[in-house]
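What follows is a single structure, written as structure tokens, with notes after it.
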2 protein chains.
Amino acid sequence: MEQNLREIFQIFSRRFGFLNKNCCQAGGHEISLVQSHILYEIDRQHHPSIQQVAETLGTDITTFSRQVQSLVKIGLVSKTPDPIDRRIFILSLTAEGKEVADNIDNQMNQFLECVFSNMSQDEKATVIHAIHLLNKNMEKTNKCCTTPLG
Amino acid sequence: MEQNLREIFQIFSRRFGFLNKNCCQAGGHEISLVQSHILYEIDRQHHPSIQQVAETLGTDITTFSRQVQSLVKIGLVSKTPDPIDRRIFILSLTAEGKEVADNIDNQMNQFLECVFSNMSQDEKATVIHAIHLLNKNMEKTNKCCTTPLG
DNA sequence: ATATTTACTTGCAAATTGCAAGTATTGCCG
DNA sequence: CGGCAATACTTGCAATTTGCAAGTAAATAT
């Protein structure tokens, strides 16, 4: 029963990473994996600042600043100065950016549905419940271990 | 019940990625995330060739060739020509490399145990079972969806 | 015996990264 | 109010990482 915990997570995480990579072209835009993550996160958060998204993704702020610039240049993201605090830029997806993000999301979900299609309803529910459990507990465990999570 | 499947996986995968990143210095060697993945995979496979590991990790072979060179240079990996087919180089961890890989692995598992420590035995078993299910089904689903997994 | 394939390596040139140092705006404290 | 620190973001490098093209060397096919 006490197997190597890391191994099963490592394999799963790698495969999920491949999936993310493969779905990058889904929007017809050939964006990079990093850009895909950024689109995803801007879509998910409610009018986030540059700082917020950079931190969420664990990216250096200067690197992130440039990534955003490139996404603005290709017309997928727009930067709006915060009306209250003008040091801050609010990020949002353009119509085109939203479309790309949605296409990627659909393709991801489609693949995942496909993975689940070989499972019973019970198994599927179990898996979803398990991931929720993991997420909840990983969040709680931020300061538990010697190495803090970023 | 029908929530966004991708989301929960995306969050989990990202967090697990952070964990991997944070454990890179565990061996006292300050290696990069990519190097950590390579050490892990060399350790896991049984005397793999350069080609094999590159493919497993989804890395371009030329990039991978250079990554291996750097790991050889810092003394964590050794390249041995295959006695039967001399085009092939067999990869293995040096004693030091094995130690680094083990340290990282221990730290990863330690953190994961910590995450599980807030769960009941039943919950833990459920999660482990769920990840196994996922891995099994993701493997089966290679050619299922329109976008093939790498 | 020659051609093709396979495994791996190098030459670039482009893209990505992060630290240091910058600007601009806001908040703080006397 | 005025000056000083803090915050949000941007640019200047310089180093690293990346991948395609083109190479070498060994094995396999014809």
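Every chain is numbered from 1, with letters handed out A, B, ... down the list of sequences.
A:F89 places its CZ atom 9 Å from the C1' atom of D:dA8, with the value rounded to the nearest Å. When the C1' atom of D:dT16 is taken as reference, atom NZ of B:K73 falls 13 Å away, rounded to whole Å. Per the geometry, NZ belonging to A:K79 stands 9 Å off P belonging to D:dC9, to the nearest Å. Following rounding to the nearest Å, A:D82 (CG) and D:dC9 (P) show an atom-to-atom distance of 9 Å. Atom-to-atom, CZ of A:F64 to P of D:dC9 comes out at 9 Å; the value is rounded to the nearest Å. The interatomic distance linking B:I88 (CD1) with D:dT28 (C1') rounds to 13 Å, in whole Å. D:dT16 atom C1' lies 15 Å from atom CG of B:L33, rounded to whole Å. Atom pair A:L71:CG and D:dT10:P shows a separation of 13 Å (rounding to whole Å applied).
Checked for salt-bridge contact, A:E113 and A:K124 meet the test: a charged N lies under 4.0 Å from a carboxylate O. Using a 4.0 Å cut-off between charged side-chain N and carboxylate O, B:D82 and B:R86 make no salt bridge. In this structure, B:K136 does not pair ionically with B:E139, as no charged nitrogen and carboxylate oxygen lie closer than 4.0 Å.
For an aromatic pair to be called close, the ring centres must be under 6.0 Å apart, and A:F9 with B:F12 satisfies this.
Across the interface with DNA chain C, nearest-nucleotide mapping of B:I50 and A:V34 shows B:I50 to be the residue nearer the 5′ end. Mapping A:I84 and B:Q51 onto DNA chain C by nearest heavy atom places B:Q51 closer to the 5' end of the strand.
Using a 4.0 Å cut-off, some side-chain N or O of B:S65 falls inside it from OP1 or OP2 of C:dT9.
Comparing D:dT10, C:dT17, C:dT25 by their nearest atom to the side chain of A:T63 picks out C:dT17. Of the candidates C:dT9, D:dT11, C:dC19, D:dT11 carries the atom nearest the A:Q69 side chain, counting heavy atoms from C-beta on. Counting only heavy atoms from C-beta on, A:T62 has its side chain closest to D:dT11 among D:dA27, D:dC20, D:dT11. Nearest nucleotide to the side chain of B:R66, out of D:dT11, C:dT6, D:dG19: D:dG19. Of the candidates D:dT7, C:dT10, C:dT16, C:dT16 carries the atom nearest the A:Q67 side chain, counting heavy atoms from C-beta on.
Judged by atom type and distance alone, A:R86 does not reach the base of C:dT25 through any side-chain donor-acceptor pair under 3.5 Å.
Under the 4.5 Å side-chain contact rule for hydrophobic residues, A:V115 and A:I128 share a cluster.
Looking at heavy-atom distances under 4.0 Å, A:T59 makes no contact with the nucleic acid at all.
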